[in-house]
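Structure first, then comments.
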Amino acid sequence: MSEQRTKKDYALIALKGMAMGAADVVPGVSGGTIAFITGIYDELLGSLKKIGPEAVVVLFKQGIPAAWKHVNGNFLAALFVGVLLSIKTFAGIVGYCLEHYPLLVWGFFSGLILASVVQLYRHETHWKWLDLVPFLCGVAFVVAIAMAKPAHLPGHNWVLFLGGFVAICAMILPGISGSFILLLVGLYPVFLAAINEFNIIALGAFAAGCACGLMVFSRILSWLLARFRRTTFATLLGFLVGSLYVTWPWKVVNEFVINRHGEQIAISSSNVLPNVYTASTGNTSLWAMVVFCAIIGLFLVLFVELLAKKMKAS
């Protein structure tokens, strides 16, 4: 596939990577969801799975070009360049929008996820009633994570390594946010501080954990999709539906912490109806605008899917 791609194709892949990176820094939104929405999820898993002992054997026997082709290096390089660029740059825009227009942003994200639910449901055509069990388990798992009380782990390098290992596993799962996992274990502020201060050692420890997690979990997930595809899809569908609980725009903060900049960071909140939100916070619910943003997100995904099908047909 990579041999047939043009520079324009790789630029589009990098843009998809930027969208994944922007999503990954927002607690509650998964980069895996964006990968699934944009149609690169299967190729991402397949490429990550090839990174391992087989790639090393190809490297020593056939050289760097063959090993690069074996792991679909052009695709992975374009994608992760986009992810890294986004985490350092575009993610700031998302953060600004979340700070000043949170209801609209969460509405947009909800529309994206709702569209991906439709997409994933249509991806499998032979659903059975027994698939409700893994589906409901997936919903319950994500909601339970969302309602869990955050812990406070120390920001040591070995802890960042473990945090990266677990977070990256969540990041490639649609519906489970890696940054939300970091928030739950108290490492999210440490991770953001390391990015802002460009702490090479801390970022290196986190990146090493991410690399190990990708190599291990991509194999597990690929094996599950190969052996138990419908059950795995039902669970992933549950993850996505459960994540709608996380991205519900109208929330009342129950508990927060003060970061080193004196800003309030919510660590516990409850979903409420728009009228309750207005009564509790004194802010307008903007429900019409939120619904409009959700519709934009919904149709954006469906438009991208339609466009991808036309490009594939041509």
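Heads up: numbering here begins at 1 and tracks the sequence.
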All side-chain contact (heavy atoms from CB on, under 4.5 Å) counterparts of T278, not counting sequence neighbours: S285

Sequence-distant partners of A279, side-chain contact (heavy atoms from CB on, under 4.5 Å), two or more places apart: none

Hey, does [Y] have a side-chain heavy atom less than 4.5 Å from the side chain of [X]?
| X | Y | value |
| --- | --- | --- |
| Y245 | V139 | no |
| F161 | C212 | yes |
| L221 | T232 | yes |
| N74 | W68 | yes |

Could you state the interatomic distance from [atom1] ([X]) to [atom2] ([Y]), rounded to the nearest 0.5 Å?
| X | Y | atom1 | atom2 | result |
| --- | --- | --- | --- | --- |
| F108 | L298 | CZ | CG | 10.5 Å |
| M215 | C210 | CE | SG | 11.5 Å |
| L236 | Y41 | CG | OH | 5.5 Å |
| W250 | W106 | CH2 | CH2 | 13.5 Å |
| T235 | L224 | OG1 | CG | 8.5 Å |
| L160 | I201 | CG | CD1 | 11.5 Å |

Is the count of non-hydrogen atoms from other residues, nucleotides or ligands lying under 6.0 Å from [X] atom [atom1] greater than 12?
| X | atom1 | answer |
| --- | --- | --- |
| Y101 | OH | no |
| L130 | CG | no |
| K251 | NZ | yes |
| I200 | CD1 | yes |

Common cluster, [X]/[Y], ILVMFWY with side-chain heavy-atom separation under 4.5 Å:
| X | Y | answer |
| --- | --- | --- |
| L273 | V252 | yes |
| V133 | V117 | no |
| V71 | V58 | no |
| V142 | V118 | no |
| L84 | L15 | no |

Test side chain to side chain contact (heavy atoms under 4.5 Å, CB included) applied to E43 and L76, L79, N72, L48, the passing residue: N72

Main-chain N/O of T247 paired to S110 side chain as donor or acceptor, under 3.5 Å: yes

W248 side chain vs V272 backbone, donor-acceptor pair below 3.5 Å: yes

Restricting to non-hydrogen atoms, name the atom on [X] and the atom on [Y] that form the minimum distance, rounded to 0.1 Å.
| X | Y | answer |
| --- | --- | --- |
| M18 | S86 | O-OG, 2.6 Å |
| F75 | I13 | CD1-CD1, 3.7 Å |
| G242 | V143 | O-CG2, 4.1 Å |

Partners meeting side chain to side chain donor-acceptor pair (under 3.5 Å) with S222 (sequence neighbours left out): none

Partner residues of K50 under the side chain to side chain donor-acceptor pair (under 3.5 Å) criterion, sequence neighbours left out: none

Residues in salt bridge (Lys or Arg N to Asp or Glu O under 4.0 Å) contact with R229, at least two apart in sequence or another chain: none

side-chain hydrogen bond (donor to acceptor under 3.5 Å, both in side chains) partners of residues 131-146, not counting sequence neighbours, each pair once: D131-R230

W287 and N275 side chains, donor-acceptor separation under 3.5 Å: no

Parallel, tilted or perpendicular: ring planes of W127 versus Y121, cut at 30 and 60 degrees: parallel

